[in-house]
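Within every chain, numbering begins at 1; the chains are lettered A, B, ... in the order of the sequence lines, protein sequences first and strands thereafter.
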2 protein chains.
Amino acid sequence: MPTIKDVARLANVSTATVSYVLNNSGPVSEATRARVLAAVEELGYRPSIIARSLKGKHTHMLGFVLSPYARQPQDPFFNEFIAALADTAAGFNYHVAVTTTADLASERKTYKDMVEDRRVDGFIIADTRLDDERLAYLIAAGFPFVAFGRPANELIFPYVDVDGYTGVKQAVQYLIDLGHRRIGLIELSPTLVCRMHRRQGYEAALQENDLPLDSELIVAGGLTEEDGYRAMGKLLDLVQPPTAVMAGNDLMAVGAMNAIHDRGLSVPDDVALIGFDDIPLTTYVRPTLSTLRQDFYDIGERVVRMLMALLHDEELTETQVILEPTLIIRESSGGALIKD
Amino acid sequence: MPTIKDVARLANVSTATVSYVLNNSGPVSEATRARVLAAVEELGYRPSIIARSLKGKHTHMLGFVLSPYARQPQDPFFNEFIAALADTAAGFNYHVAVTTTADLASERKTYKDMVEDRRVDGFIIADTRLDDERLAYLIAAGFPFVAFGRPANELIFPYVDVDGYTGVKQAVQYLIDLGHRRIGLIELSPTLVCRMHRRQGYEAALQENDLPLDSELIVAGGLTEEDGYRAMGKLLDLVQPPTAVMAGNDLMAVGAMNAIHDRGLSVPDDVALIGFDDIPLTTYVRPTLSTLRQDFYDIGERVVRMLMALLHDEELTETQVILEPTLIIRESSGGALIKD
DNA sequence: TTGAAAGCGTTACCAC
DNA sequence: GTGGTAACGCTTTCAA
């Protein structure tokens, strides 16, 4: 591998001049520039990222830690999100280091290691939590990051989030307009900040329509298909089961769908269903799943752009971005209950 | 951030001694060692990965490039595989840089950049192709990598692969044993090496049972649910459609399932179905999908272990590993056609 | 058992 | 416009 010295020698200039040419960081005569460029070409020289980093104090790496804590690794969310991160970062000549963790302890250690080893210049944090150690740690360490998800407390940091409140409210309103009066809610994991907003959206929709808030219609779910299956089972066991259900995410909605089918009932005739996320799975199942779409690619792209601005000391025009999800009506939400 | 010099100063030793202690690379008296360790502790010192890399000529990074060319980004395969890569690498103090590419040209550029910039010490390559530029390039460049998938030609490199031939043969035999005589095959993308082996397994099973090889029963598929849907449509359009179908992967099997349902037919009564991969989706659909399981986590782990051995100049005990897939019978493959 | 110093490949300050 | 050289933080050779 040729180094800058080899280039300098071949072009009969100093290494400083080579550096000037390559980085446009000094005045160089056209003739010299041409000679340097020719030498670079001839040698196939590429500057060493590592040496550059040692000088420049940055790694051109972004960190993203996969945690089973808030999302299952099989959640297709990651595919789109990671692709967006990697794509967008590449546009800035950055790369993304993806790490996985098994539990909270190893997650803690991972962040600490990445920060203290200065392996990455900044982090992308997904799925903010109620009492989020990661956020607290990074803020305390003064380490740059941008989150997908809002804070639950008074912490201040840049983020992109989806408006779960408005989204769920709109979806539940849609079900109410269809004629549904008993609408169930299968909640996400209690530690997730977004669970809160979605719940509030659900309650707001009922209140605005003067529908009673029946606590037995709100069941703890979780994250996975199994969680949704189990939660739906509880709802179906009620003396008066709901005729429609809003699920915390698509995976649980599909679980709910299976629970309904396995009891010989039908979606949407016996129970209408709406999910959240719009993962590809929604169109694979029958009936296809109505849902609230969050554009993970868009979110990932925005998050990286904000982080790049942060790292380059640029002015962040918007530091907290809230995106509206789109209600996507497919088959599982059914038609009007009472035909006229 | 404290440097090695700060530690040396505080411990009243030279930087060399600090380095000896930290790397166990020189004889150090117990007293000195203790003093150094105390200083490290007090300062919260962590060696700079970058400076280390500059000396040592390695980055402690592994590269993995996501390509839509052979697998759709929404393929859940990636989740498990990437998690396995990241987990296993972490055990060796390595990290994984994940990059995405949009097309073959950008893929080519990505590999070139990563290699020439020496951003990573080695690559993991997934889904080998018939005429695989990536492999050719890395071999020509003498750059270390381990593949998930076999070569299609005479190239020699370390890999882990799943025995698609035996797997599919076994699955088709299973269908034959159930009484099926007309068995369809929905193929993977033609460029994938594994398509070949699976096709051969299909043909072998038919031949061993003296069943005719009907070319109209073999249809081009692809990768996605849509591909499977379309391919199944073609099979159902036949004058004499198959009573069972082996799909190139689970995603296409689910697409086939939907195609069958959408024509008012039933799985497995009208058409029995077996997929390949065992992604979580197989248990979310109704009927649940029979499939050949490949353990992506295991594969990812093995690939990284082999790559680590390669990078550390250790003897590779096995350089080409073939794993057997497991036939998993769920509902979609049905029971015996002719009940006795 | 310890340390001085060279060197890894850059960048950038300061002279010329 | 150009070049010499120190510096980035570490490892390692060589000498003491």
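- The side chain of T3(A) places no N or O atom within less than 4.0 Å of a non-bridging phosphate oxygen (OP1 or OP2) of dG9(C).
- The side chain of Y45(A) places an N or O atom within less than 4.0 Å of a non-bridging phosphate oxygen (OP1 or OP2) of dT10(C).
- Here T17(A) reaches the OP1 or OP2 of dG3(D): one of its side-chain N or O atoms lies under 4.0 Å away.
- Using modelled atom types, one finds no donor on one side chain facing an acceptor on the other under 3.5 Å when comparing D132(A) with Y137(A).
- Going from atom CG of N24(A) over to atom C1' of dT11(C) covers 14 Å, rounded to whole Å.
- With rounding to whole Å, I49(A) atom CD1 is found 19 Å from dC8(C) atom P.
- Contacts of V18(B) with the nucleic acid, taken as non-hydrogen atoms under 4.0 Å apart, are absent.
- Using cut-offs of 30° and 60° on the angle between ring planes, the pair F145(A) and F157(A) is tilted.
- For Y45(B), there are no ring-ring contact (aromatic ring centres under 6.0 Å, His included) partners at least two apart in sequence or on another chain.
- T32(A) has a side-chain polar atom (N or O) that falls below the 4.0 Å cut-off from OP1 or OP2 of dT2(D).
- R33(A) comes within 4.0 angstrom of nothing in the nucleic acid, heavy atoms only.
- Comparing S14(B) and L54(B) against DNA chain C, the residue whose closest nucleotide sits nearer the 5' end is S14(B).
- In this model, the phosphate group of dG9(D) is not approached by any side-chain N or O of S48(B) to a distance below 4.0 Å at OP1 or OP2.
- Distances shorter than 4.0 Å separate some side-chain N or O of S29(B) from OP1 or OP2 on dT2(C).
- Separating the CE atom of M1(A) from the P atom of dC8(C) is a distance of 16 Å, rounded to the nearest angstrom.
- Following rounding to the nearest Å, K5(A) (NZ) and dT11(C) (C1') show an atom-to-atom distance of 13 Å.
- Between R52(A) and dG9(C) there is no side-chain N or O to OP1 or OP2 distance below 4.0 Å.
- Between the side chain of K55(A) and the base of dA12(C) there is no donor-acceptor pair of N/O atoms closer than 3.5 Å.
- Aromatic ring centroids of F143(B) and F123(B) lie under 6.0 Å apart.
- Between E133(B) and K112(B) there is no salt bridge, since no side-chain N of the basic residue sits under 4.0 Å from a carboxylate O of the acidic one.
- When heavy atoms are screened at a 4.0 angstrom cut-off, P27(A) is found touching base atoms of the nucleic acid.
- Straight-line distance from the CD1 atom of I4(B) to the C1' atom of dG9(D): 8 Å, rounded to whole Å.
- Using a 4.0 Å heavy-atom cutoff across all strands shown, S25(B) reaches no nucleic acid atom at all.
- With rounding to whole Å, Y20(A) atom OH is found 11 Å from dG4(D) atom P.
- Rounded to a whole Å, the NZ atom of K57(B) is 19 Å from the P atom of dG9(D).
- For the pair I50(B) CD1 and dG7(C) P, the interatomic distance rounds to 23 Å; values are reported in whole Å.
- Between H60(A) and H58(A), the ring planes lie tilted relative to each other; the angle falls in the 30° to 60° range.
- Applying the 4.0 Å criterion to OP1 and OP2 of dT10(C), one finds that S53(A) has every side-chain N and O outside that range.
- No contact: D6(B) has no heavy atom under 4.0 Å from any strand.
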